[in-house]
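Please read the structure below before turning to the comments.
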Amino acid sequence: MDYLRIKHSDNLYGSVKISGAKNSALPLIAATILSKNDVVLENLPNVVDVKVLIKLLTMLGASSKDINENSVSINTNNINNTQVVYDMVRKMRASILLLGPLLARFRKCQVSLPGGCAIGARPVDLHIKAMGNMGADIHITNGYINASAPKGLKGSNIIFDKITVTGTENVIMAAALAKGTTIITNPAKEPEIIQLCDVLRQAGVEISGQGSNEIVIVGSDGELLDFKNIEIIPDRIEAGTYLCAGAITNSSITINNVIPKHLEAITNKLKEIGFGIEVDSSSITILKARELSGFEITTSEYPGFPTDMQAQFMALATQCNGVSTIKERLFENRFMHVNELQRLGANISLLGNVANISGRSNLIGADVMATDLRASSALILAALIASGETRIHRIYHLDRGYEKIEQKLSTIGVKIERLKGDKI
Ligand code: EPZ
């Protein structure tokens, strides 16, 4: 199994180009099911999760044609199977995003329950309840969600008790083809949701309120949509991760091809810690701090501090003076990186969903294990300032969501290699 070997690299420089957002690409790939024509997606991140979801669509009968490494054309008119099997879903839980569009277009589907993952139980009860509200007959048997709506889905008032990103995306896609108007109350407001709504509006759907507490969608009553070419928005979490690489080494680097507004919670926190942040229309430069102050974070839905940046800031906290406190509100088990950071010498104590990190610690390189996508990147950040050499194992987690990470890190001065290793 591959592993990464990273040598102490505490003086970074230059700039790195940010890829398209995985968490925008995934719902948009699912949304191609709603299209009557070929859909071209550009600025796709070349990462495992995106490749798996496209492959899943082709297993259902869709066709996809690579235009280049980061662009693909998808046609879903020949889908002849609406059963999303466990073997695919267990590899990529975001396959749940096929539920809404398959049900809306084909009026029946079977989607395997995704099951939990390292960071939590990850239930999909809110997705299922919403589809039921829209008129689907939906029940779970043998680990599969069995859904049918022979007369098509109907517009409905959906009130989410809890904000759910993919739950909101499933309802938006289902509502786009439903008969009548759907009002989603308490939707997610992430930039990825906004892009999905913008793409559907450009495809002819009457949709408004995205980014507010109420999204209104007037369904096409089964008429397929006419998609325009899609350019995936930049990945705000990848961008934040590279800013943390500059922060943890107290180096000045620039990230290009970003939408600064999408990173405000992250850049505001970096400024609070002591870094300078320079922003222009599509790039951000982090400037050295005189000293790094401890901080407090509570993860929250957008525009709050993103849970997907929690692990990266925990690594950074090991280099900040005093005690930093991180509270994880969204997932019940998203501290898997703590044990691994402690192996490198971090001083972290846990009490329920709150981590207290005492800095500043001198970290020492060691063998560590990635446990989930964002935890993997936190270990890379810690390895930059750990003395000696750090080997990060089980990096298949990393390949799910970070494109060309070795190449990008090498260009800003990181001594990193991907090696073939023994099974861990
Ligand atoms: C999306 O996951 C992202 N994934 C996650 O990114 C991200 O961490 C998460 O949103 C929160 O921002 C994609 O967009 C593909 P949720 P999602 O439904 O939609 C509970 C990454 O690193 N909930 O917003 O699965 C749930 O347990 C990944 O790229 C229910 O209770 O997250 C959690 O506590 C990791 N019932 C909270 O809501 C449901 O039916 C938020 O989950 C659905 C969710």
Side-chain angles (χ1 to χ4, degrees), residues 19-31 45 47-50 52-53 56 89 91-100 111 113-133 138 140 145 158-173 184 186-196 232-233 235-241 262 265-266 298-312 327-337 353 370-378 397-403:
S19 299
K22 164 181 84 78
N23 290 350
S24 193
L26 296 174
L28 288 169
I29 290 165
V47 295
V48 169
D49 272 11
V50 164
V52 165
L53 192 59
L56 213 174
V89 177
K91 284 185 190 128
M92 219 267 305
R93 56 171 297 100
S95 316
I96 190 68
L97 284 166
L98 299 182
L99 174 66
V111 179
L113 279 172
C117 73
I119 65 176
R122 311 291 296 275
V124 290
D125 56 307
L126 300 176
H127 299 238
I128 292 168
K129 189 175 155 206
M131 294 301 120
N133 288 353
I138 190 162
I140 294 174
I145 303 167
I158 306 289
I159 301 173
F160 278 123
D161 303 337
K162 195 184 263 190
I163 291 177
T164 162
V165 173
T166 49
T168 302
E169 290 163 345
N170 251 327
V171 172
I172 290 169
M173 292 188 281
I184 307 173
N186 198 27
K189 304 182 179 72
E190 274 69 3
E192 295 78 35
I193 302 272
I194 310 298
Q195 177 161 42
L196 176 62
I232 305 293
I233 58 172
D235 192 318
R236 59 194 169 94
I237 305 301
E238 184 198 19
T241 304
H262 293 170
I266 297 163
T298 298
T299 62
S300 177
E301 297 83 359
Y302 192 89
F305 190 91
T307 174
D308 292 348
M309 285 299 304
Q310 178 256 104
Q312 298 91 314
K327 183 174 183 181
E328 174 53 65
R329 268 188 57 250
L330 273 71
F331 293 110
E332 65 273 25
N333 190 36
R334 201 167 195 174
F335 283 151
M336 305 277 280
H337 40 283
N353 66 342
T371 50
D372 61 84
L373 172 57
R374 305 304 174 183
S376 317
S377 62
H397 291 289
L398 203 59
D399 296 332
R400 291 185 42 220
Y402 286 98
E403 182 177 28

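Everything quoted here is computed from the prediction, not taken from an experiment. For the numbers below, each heavy atom of this structure counts, side chains included, while hydrogens, waters and symmetry mates do not. We count ligands from 1, going down the list as the structure has it; atoms in each ligand are counted the same way.
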With heavy atoms of [X] as the reference, note each atom of ligand 1 found under 4.0 Å away.
X      : value
Ile163 : 24 (O), 38 (O), 41 (C)
Arg122 : 2 (O), 17 (P), 25 (O)
Thr307 : 8 (O), 11 (C), 12 (O)
Val124 : 39 (C), 40 (O)
Arg374 : 21 (C), 22 (O), 29 (O)
His127 : 40 (O)

Indicate yes or no: does an N/O atom of [X] lie under 3.5 Å from an N/O atom of ligand 1?
X      : value
Phe331 : no
Asp125 : yes
Asn23  : yes
Lys22  : yes
Ile119 : no
Gly167 : no
Thr164 : yes

**Q.** Name of the residue among Asp372, Thr307, Leu330 meeting side-chain contact (heavy atoms from CB on, under 4.5 Å) with Ile119
**A.**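 Result: among Asp372, Thr307, Leu330, Asp372 is the only option passing the side-chain contact (heavy atoms from CB on, under 4.5 Å) with Ile119.
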Considering all heavy atoms, the nearest [X]-[Y] contact:
X      : Y      : result
Ile163 : Ala188 : CG2-CA, 3.6 Å
Ile266 : Met309 : CD1-CG, 3.7 Å
Glu238 : Ser19  : OE1-N, 2.8 Å
Ser377 : Leu398 : N-CD1, 3.8 Å
Tyr302 : His262 : OH-CA, 3.6 Å
Ala311 : Arg374 : CB-O, 3.8 Å

Q) Can any side-chain N or O of Asn170 pair as donor or acceptor with the backbone N or O of Ile96 at less than 3.5 Å? A)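 Yes, Asn170 side chain to Ile96 backbone: donor-acceptor pair under 3.5 Å.
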Q.
Between Ser24 (side chain only) and Ile233 (backbone N and O only), is there a donor and an acceptor less than 3.5 Å apart?
A.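 No: the side chain of Ser24 does not pair with the backbone of Ile233.
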Q) Roughly how far, to the nearest 0.5 Å, is the NE2 atom of His127 from the CG atom of Leu113? A)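 Output value for this atom pair is 11.0 Å.
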**Q.** Inter-residue atom distance Ile138.CD1 - Leu99.CG, 0.5 Å rounding
**A.**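 Interatomic distance, Ile138 CD1 to Leu99 CG, rounded to 0.5 Å: 5.0 Å.
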Among all protein non-hydrogen atoms, which one is nearest to [atom], and what is the separation to 0.1 Å?
atom                    : value
atom 20 (C) of ligand 1 : Lys162 CD, 3.6 Å
atom 17 (P) of ligand 1 : Thr166 OG1, 3.6 Å
atom 33 (C) of ligand 1 : Leu330 O, 3.3 Å
atom 40 (O) of ligand 1 : Leu126 N, 2.7 Å
atom 39 (C) of ligand 1 : Pro123 O, 3.1 Å

Q.
Is there a side-chain contact between Lys129 and Asp161 in this structure, where contact means two heavy atoms from C-beta onward sitting under 4.5 Å apart?
A.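 Counting from C-beta outward, Lys129 and Asp161 do come under 4.5 Å.
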Q. Is the closest heavy atom of Ile128 to ligand 1 under 4.0 Å?
A.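 No; Ile128 lies far enough from ligand 1 that no heavy-atom distance drops under 4.0 Å.
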Q. For ligand 1, is Arg334 a contact, meaning one of its heavy atoms is under 4.0 Å away?
A.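 In this structure, Arg334 qualifies as a contact of ligand 1 - some heavy atom is under 4.0 Å.
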Q) Under 4.0 Å from ligand 1, counting heavy atoms only, is it the side chain of Leu373, its backbone, both or neither? A)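 Side chain only.
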**Q.** ligand 1-proximal atoms of Asp308, by part, heavy-atom distance under 4.0 Å
**A.**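 The part of Asp308 near ligand 1 is the side chain, not the backbone.
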Q: List the steps and the verdict of salt bridge (Lys or Arg N to Asp or Glu O under 4.0 Å) for Glu403 and Lys22.
A: CA-CA 10 Å; Glu403 182 177 28; Lys22 164 181 84 78; over 6 Å; no
(Q) Measuring from atom 16 (P) of ligand 1, which candidate in Asp235, Val165, Ile193 has the nearest non-hydrogen atom? (A)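 Ranked by closest heavy atom to atom 16 (P) of ligand 1, first place is Val165.
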(Q) Can you see whether Gln310 engages Thr299 through a side-chain donor-acceptor pair at a distance of less than 3.5 angstrom? (A)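 Absent: no donor and acceptor within the cut-off.
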